[in-house]
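All values below come from the heavy atoms of this structure, side chains included, with hydrogens, waters and symmetry mates left out.
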Amino acid sequence: MIALLLALSGVEGILALQDWGGFRGPGGRGIAEGELPLKWSKADGVRWKADLPGRGLSCPVVAGGRVYVSACDGPDQERLLTLCFDAASGRELWRRELRATGSTQCNRKTCMAAATPAADGRRVAVLFATGDLAAFDPEGRLLWYRSLVGDYPTIGNNVGMAASPVLSGDRLFVAMENVGESFALALDVRGGANLWKHARAAKINWTTPFVMGTDVLFQSGEELTAYDAATGALRWSLAGKFSTIPSPTAADGLVFAPGGTSVALRPEGKSPSPLWESKVLSSATATPTIRQGRIYTINSGGIVVCGDVATGEALWKQRIPGAYSASPVIAGDRLYAVNEAGLTTVLKLGAEPSVLAENALEDVILASPAAAAGTLYFRSDKALYAVGR
């Protein structure tokens, strides 16, 4: 049967279904294909664990049977590390080191390895909070390197930058919004050259771009903007008060901008109007997940809210233990949410939620998990974990 599938669809197509190539996985939506493990613990159910050489809040990504993760080390976090592991065994395949060209000042909770890499099986692009940006091939060969601080010297953020690069086709989208020169940038991922660049407000912002069809969305504190992904032409924009931490998402033709007051809109015309606004469906750090007409948010205190995407009506609430920085993952009718103490609560979704399991890794986890080929991948400052078959 496997041979037939490979013959009909091609190996590359089969592997793509099992990849988790960037922040929140395929399409940036936080939705995993297939079934994920239900129960595990530090002593049972961890398939492999790999020690990491430095700190990181970046999420692991999976492409072509390899797991990529970034880290930073050194007295001032000046050592910028990219690591590659075999997804099946956890064996480290390679690590590469860059030296910071930008400032390493940041809040103590974060670090220079806060942005999630972006990978597609042919390359992995890694951005650090210092403004250093590089791409490697799957064997660890450097394809290209950019010092964004070298190119744009006023870039600066003394509390840390965390917006992840987003890879779509041959374009890499980067949100560089800080107290210095700020911009939305599209690069040619094959060589790192600029394709288009637009000025953004010079204010600190941590949200990751989101690709919606032929558009790419950039959300900052006072504006949600859609650019044509190919040309950079302005498609539409909406002024308002938006979050600077959880990122925008979309489904069913609607765009959702999370924050203390979350906003949904249907992108029509140059200046679309909000469809609904909700303080109940609020997000502090975690980006919401949308599935089958329902939106799921989680605040920093562990309140999960399920809402109707079309109306913004809150359908139910469920408290789960702990404080939360990581965004949830949904697989089938299960929601997986990992708290900062490394406890993953598995909720069964439906008209009413129910807690199916609580799984403790007993490690501090701020990064969102990755999910690929029936396996969950978690990272802390100390280790990378693979849970599942």
Side-chain angles (χ1 to χ4, degrees), residues 22-33 36 166 207-219 223-226 235-269 271-300 302-320 324 326-337 345-354 368 371:
F23 178 62
R24 303 188 71 236
R29 298 179 186 274
I31 303 292
E33 297 290 336
L36 294 176
V166 173
T207 64
T208 292
F210 182 87
V211 175
M212 180 184 182
T214 59
D215 295 348
V216 57
L217 311 181
F218 285 78
Q219 176 181 312
E223 183 183 21
L224 177 64
T225 310
R235 290 294 188 93
W236 55 263
S237 65
L238 177 67
K241 295 188 69 175
F242 301 105
S243 165
T244 56
I245 301 177
S247 302
T249 188
D252 304 328
L254 301 178
V255 174
F256 184 81
T261 298
S262 296
V263 177
L265 61 94
R266 189 177 300 280
E268 297 175 338
S271 300
S273 300
L275 182 65
W276 54 259
E277 300 182 12
S278 172
K279 291 185 177 181
V280 178
L281 290 165
S282 63
S283 296
T285 301
T287 297
T289 304
I290 301 173
R291 179 180 176 274
Q292 295 182 349
R294 299 289 183 262
I295 183 165
Y296 300 91
T297 65
I298 179 170
N299 67 19
S300 56
I303 304 296
V304 180
V305 182
C306 169
D308 185 292
V309 169
T311 66
E313 177 189 2
L315 303 177
W316 53 255
K317 297 181 183 180
Q318 174 73 42
R319 179 182 290 276
I320 55 179
Y324 288 80
S327 301
V329 170
I330 291 179
D333 62 352
R334 297 174 182 174
L335 181 144
Y336 292 75
T345 298
V346 185
L347 282 181
K348 182 177 176 60
L349 304 177
E352 295 291 338
S354 61
S368 304

Q.
Are Pro288 and Phe256 packed together at the side-chain level, in the sense that at least one heavy-atom pair is separated by less than 4.5 angstrom?
A. yes

Q: Enter the distance from Arg334:CZ to Ser354:OG here, rounded to the nearest 0.5 Å.
A: 10.5 Å

Q | Interatomic spacing from CG in Leu224 to OG in Ser237 - rounded to 0.5 Å | A | 8.5 Å

**Q.** Minimum-distance pair of heavy atoms, taken over all atoms of Ile320 and Ala337
**A.** CD1-CB, 3.8 Å

Q: Start with the C-alpha gap between Phe210 and Val255, add the side-chain angles, then the distance that decides, and say whether side-chain contact (heavy atoms from CB on, under 4.5 Å) holds.
A: CA-CA 10 Å; Phe210 182 87; Val255 174; over 6 Å; no

Q) Is there a side-chain contact (heavy atoms from CB on, under 4.5 Å) between Thr261 and Lys241 once you walk through the steps? A) CA-CA 8 Å; Thr261 298; Lys241 295 188 69 175; over 6 Å; no

Q) Which pair of heavy atoms, one from Ile298 and one from Ala286, lies closest together, and at what distance? A) CG2-CB, 3.5 Å

Q) So, Ser247 side chain and Thr287 main chain: donor-acceptor pair closer than 3.5 Å or not? A) no

Q: Check Pro267 against Gly253 and note the closest heavy-atom contact, atom names and distance.
A: CD-O, 3.3 Å

Q. Donor-acceptor pair, Trp276 side chain versus Glu313 backbone, under 3.5 Å?
A. no

Q.
Contact between Tyr296 and Leu347 at the side-chain level, heavy atoms closer than 4.5 Å - yes or no?
A. no

Q: Give a yes or no answer on whether the side chain of Tyr336 reaches the backbone of Ala371 with a donor-acceptor pair at less than 3.5 Å.
A: no

Q. Would you say Arg291's side chain and Gly332's backbone share a donor-acceptor pair under 3.5 angstrom?
A. yes

Q. What do the steps show when you test Ser243 against Gln219 for side-chain contact (heavy atoms from CB on, under 4.5 Å), and what is the final call?
A. CA-CA 8 Å; Ser243 165; Gln219 176 181 312; 3.7 Å; yes

Q) Could you give the distance from OG1 (Thr297) to CD1 (Ile290), rounded to the nearest 0.5 Å? A) 10.5 Å

Q.
What's the separation between atom CZ in Phe218 and atom OG1 in Thr208, rounded to the nearest 0.5 Å?
A. 10.0 Å

Q: Write down the atom of Val280, the atom of Val305, and the distance for their closest heavy-atom approach.
A: O-CG2, 3.8 Å

Q) Does the pair Phe242 and Thr207 meet the rule for a side-chain contact (heavy atoms from CB on, under 4.5 Å), with working shown? A) CA-CA 10 Å; Phe242 301 105; Thr207 64; over 6 Å; no

Q | Pairwise distance CG(Leu36) to CD1(Ile330) - rounded to 0.5 angstrom | A | 11.5 Å

Q | Reported OG-to-CZ distance for the pair Ser368 and Phe23, which is rounded to 0.5 angstrom | A | 5.0 Å

Q | Thr289 and its side chain to side chain donor-acceptor pair (under 3.5 Å) partner, picked from Arg24, Arg29, Arg294 | A | Arg24

